[in-house]
Number of protein chains: 2
Amino acid sequence: MPSASRPPARRRGRGRPTRPVLSPERITDAAVQLVEERGHDALTMAALARELGVAPSALYNHVETKQDVLRRVQDHVNRDVDCSAFGVLTWDAALAAWARSYRDAYARHRPLVQVIAVTPVRGAPATVAMYERVAAGLRAGGWPPELVTDVVVAVESFVLGSALDTGAPPDIFDTGELAASAPEFTASVRARPGGDTAAAAFELGLDALLTGLRARLARAGAAGGPAPEPPAPDETSPPA
Amino acid sequence: MPSASRPPARRRGRGRPTRPVLSPERITDAAVQLVEERGHDALTMAALARELGVAPSALYNHVETKQDVLRRVQDHVNRDVDCSAFGVLTWDAALAAWARSYRDAYARHRPLVQVIAVTPVRGAPATVAMYERVAAGLRAGGWPPELVTDVVVAVESFVLGSALDTGAPPDIFDTGELAASAPEFTASVRARPGGDTAAAAFELGLDALLTGLRARLARAGAAGGPAPEPPAPDETSPPA
DNA sequence: ACCTGAACACCGTTCAAGT
DNA sequence: ACCTGAACACCGTTCAAGT
């Protein structure tokens with residue numbers, strides 16, 4: 001329905017239009033809408049052009065490649081990632097909230113996981129804004145600057161892997177004819193409670209990751225970084 | 001050079017050959033070799049057929065789709081994942097060794113990450129064998145069966161996300177013109193030590209994950225029985 | 001049953017021609 | 001500068017015809 005802004009759309013003649021009909025922004029918006037309404041398989045340069053009432057080749061006056069379009073869509077998706085807890089909750093609670101929101105966003109856009117993992121943030125303002133919020137929250141929580149990026153990347157790796165996992169079919173671990181050769185694994189899979197198993201694994205991993213990060217900060221912070229926040233409530237320390 | 005097993009390869013006539021020239025195994029082997037030698041982009045049905053001295057359509061007598069070929073290649077890759085530490089080292093040391101080997105294998109085969117995350121293990125013997133080894137190791141380490149799969153999935157999610165991260169270009173976090181709008185993040189990126197940054201983030205995350213899992217097992221295991229009560233609500237819950 | 005060869009319905013991208 | 005339209009070099013897959 002927000003395809004309103006388009007004029008009567010009569011057949012265009014051959015040459016240059018009096019006013020440009022395309023722009024990188026219009027292309028990005030159309031791409032996002034296309035993906036949102038019909039899924040990532042529907043995002044082809046031809047379909048995108050059709051949506052915009054234009055010949056496919058016209059797109060290349062405004063974007064470089066399809067990869068470029070994906071980069072733009074991906075930045076848009078990052079706008080949906082909720083970073084609002086940083087500066088409000090403790091760094092670990094905020095990190096957990098961010099991770100959940102981040103996973104949800106890419107569970108809805110699984111094909112973009114490959115894109116975000118590999119695309120420079122340069123020229124992706126929403127993405128940079130997200131990282132800024134997270135980095136500031138971690139710094140405020142007492143993390144030394146040289147570790148902040150690694151923490152972000154580690155959590156992000158877990159989040160993106162978990163987002164991919166949401167695409168697994170329910171029977172992914174059915175060993176079938178191989179059951180006899182894998183008794184322990186088969187039994188474990190059977191013992192797993194029903195429900196949203198991807199969510200259960202994600203929450204288990206997230207909890208472990210945060211517990212470990214708290215312990216790590218306690219070690220790193222002890223060396224004398226900036227004001228350590230209220231230390232995480234004590235946890236069983238690892239028996240080495 | 002191991003393309004030896006092929007006979008003189010004279011031009012085949014039109015009809016059915018006296019003896020089948022293809023088999024699912026021969027196709028899988030050729031696909032693995034192709035990927036190993038020329039990368040995943042080189043794996044097309046046409047190239048595969050050429051490698052096997054056959055018309056592309058002939059492949060479809062033995063495999064269902066290209067996805068089917070990828071599934072087979074993926075199972076092969078899992079043979080390279082080293083699970084040998086389970087039953088030798090403690091469960092957590094073995095899990096770490098497995099995770100490192102697993103990450104390395106998929107860093108070399110990044111395009112298969114999407115495949116493994118979503119493909120049923122049925123009919124993938126190497127994959128099932130790997131999971132069996134891991135599950136048995138965790139069980140022996142004291143993990144209750146109903147948690148084993150979640151632990152495996154959580155670690156796997158982190159591993160696969162980290163494998164994708166190895167494909168990131170060195171300048172991925174260059175904020176460029178957006179630097180001014182993201183001072184904390186830009187400073188953190190600058191403060192990051194050089195070297196293999198992907199490996200540093202992976203090791204930080206792996207250490208945290210394992211520390212957290214040890215703590216979790218201590219809680220779960222402390223209850224003694226195979227069905228421990230739900231652990232005390234954890235301390236990350238936001239204070240609203 | 002298992003191959004060839006032609007064909008189908010796509011892709012992303014380039015480029016000359018037009019205004 | 002910015003569009004159209006034709007063309008290029010691919011894809012994966014299907015299917016009739018052949019033996």
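Hydrogens, waters and symmetry mates play no part in the numbers below; they use all other heavy atoms, side chains included.
Residues A/Gly137 and A/Phe86 share a closest heavy-atom pair of CA-CD2, 3.7 Å. Annotation for A/Ala96 and A/Leu210: closest pair CB-CD1, 3.5 Å, computed over non-hydrogen atoms.
Using a cutoff of 4.0 Å between basic side-chain nitrogens and carboxylate oxygens, A/Asp68 and A/Arg72 are scored as salt-bridged. With salt bridges taken as basic N to acidic carboxylate O contacts below 4.0 Å, one links A/Arg100 and A/Glu203.
Going from atom NE2 of B/His40 over to atom P of D/dC11 covers 16 Å, rounded to whole Å. Rounded to whole angstrom, the span from the CG atom of B/Leu52 across to the P atom of C/dC3 amounts to 10 Å. For A/Leu22 and D/dT4, the CG to C1' distance is 12 Å, given to the nearest whole Å. Rounded to a whole Å, the CG atom of A/Asn61 is 17 Å from the P atom of C/dG18. Nucleotide C/dC2 holds its P atom 6 Å from the CZ atom of B/Arg16, rounded to whole Å. Atom P of nucleotide C/dC11 and atom CG of A/Leu48 are separated by 12 Å, given to the nearest angstrom.
Considering only heavy atoms from C-beta on, B/Val153 stays 4.5 Å or farther from A/Phe202 through its side chain.
Contacts classified as ring-ring contact (aromatic ring centres under 6.0 Å, His included) and involving residues 44-83 of chain B (residues at least two apart or in different chains) are not found. The ring-ring contact (aromatic ring centres under 6.0 Å, His included) pairs that include a residue from residues 162-186 of chain B are A/Tyr131-B/Phe173, A/Tyr131-B/Phe185, B/Phe173-B/Phe185, where partners are two or more places apart or lie in different chains. Screening residues 24-48 of chain B for ring-ring contact (aromatic ring centres under 6.0 Å, His included), with sequence neighbours left out, gives B/His40-B/His109. Pairs engaging residues 113-128 of chain B under the side-chain hydrogen bond (donor to acceptor under 3.5 Å, both in side chains) rule: A/Asp171-B/Arg122, B/Asp75-B/Thr127, B/Asn78-B/Thr127 [sequence neighbours left out].
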Would you tabulate the nitrogen or oxygen pairs shorter than 3.5 Å linking the protein to nucleotides 12-17 of chain D?
{"unit_1": "D/dG12", "atom_1": "OP1", "unit_2": "B/Lys66", "atom_2": "NZ", "d": "3.1"}
{"unit_1": "D/dG12", "atom_1": "OP2", "unit_2": "B/Met45", "atom_2": "N", "d": "3.1"}
{"unit_1": "D/dT13", "atom_1": "OP2", "unit_2": "B/Tyr60", "atom_2": "OH", "d": "2.7"}
{"unit_1": "D/dT13", "atom_1": "OP2", "unit_2": "B/Lys66", "atom_2": "N", "d": "2.9"}
{"unit_1": "D/dT13", "atom_1": "O5'", "unit_2": "B/Tyr60", "atom_2": "OH", "d": "3.3"}

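Looking at the side chain of A/Ala55, the nearest of the listed nucleotides D/dT4, C/dC2, D/dC2 is D/dT4.
A residue-by-residue look at A/Pro17 and B/Val21 shows that B/Val21 has its nearest nucleotide of DNA chain C further toward the 5' end.
A close approach under 4.0 Å does occur between a side-chain nitrogen or oxygen of B/His62 and OP1 or OP2 of C/dC3.
With pairs defined as Watson-Crick or G-U wobble and both atom distances under 3.5 Å, the stems of at least three pairs that touch DNA chain D come out as C:4-8 with D:12-16, C:12-16 with D:4-8.
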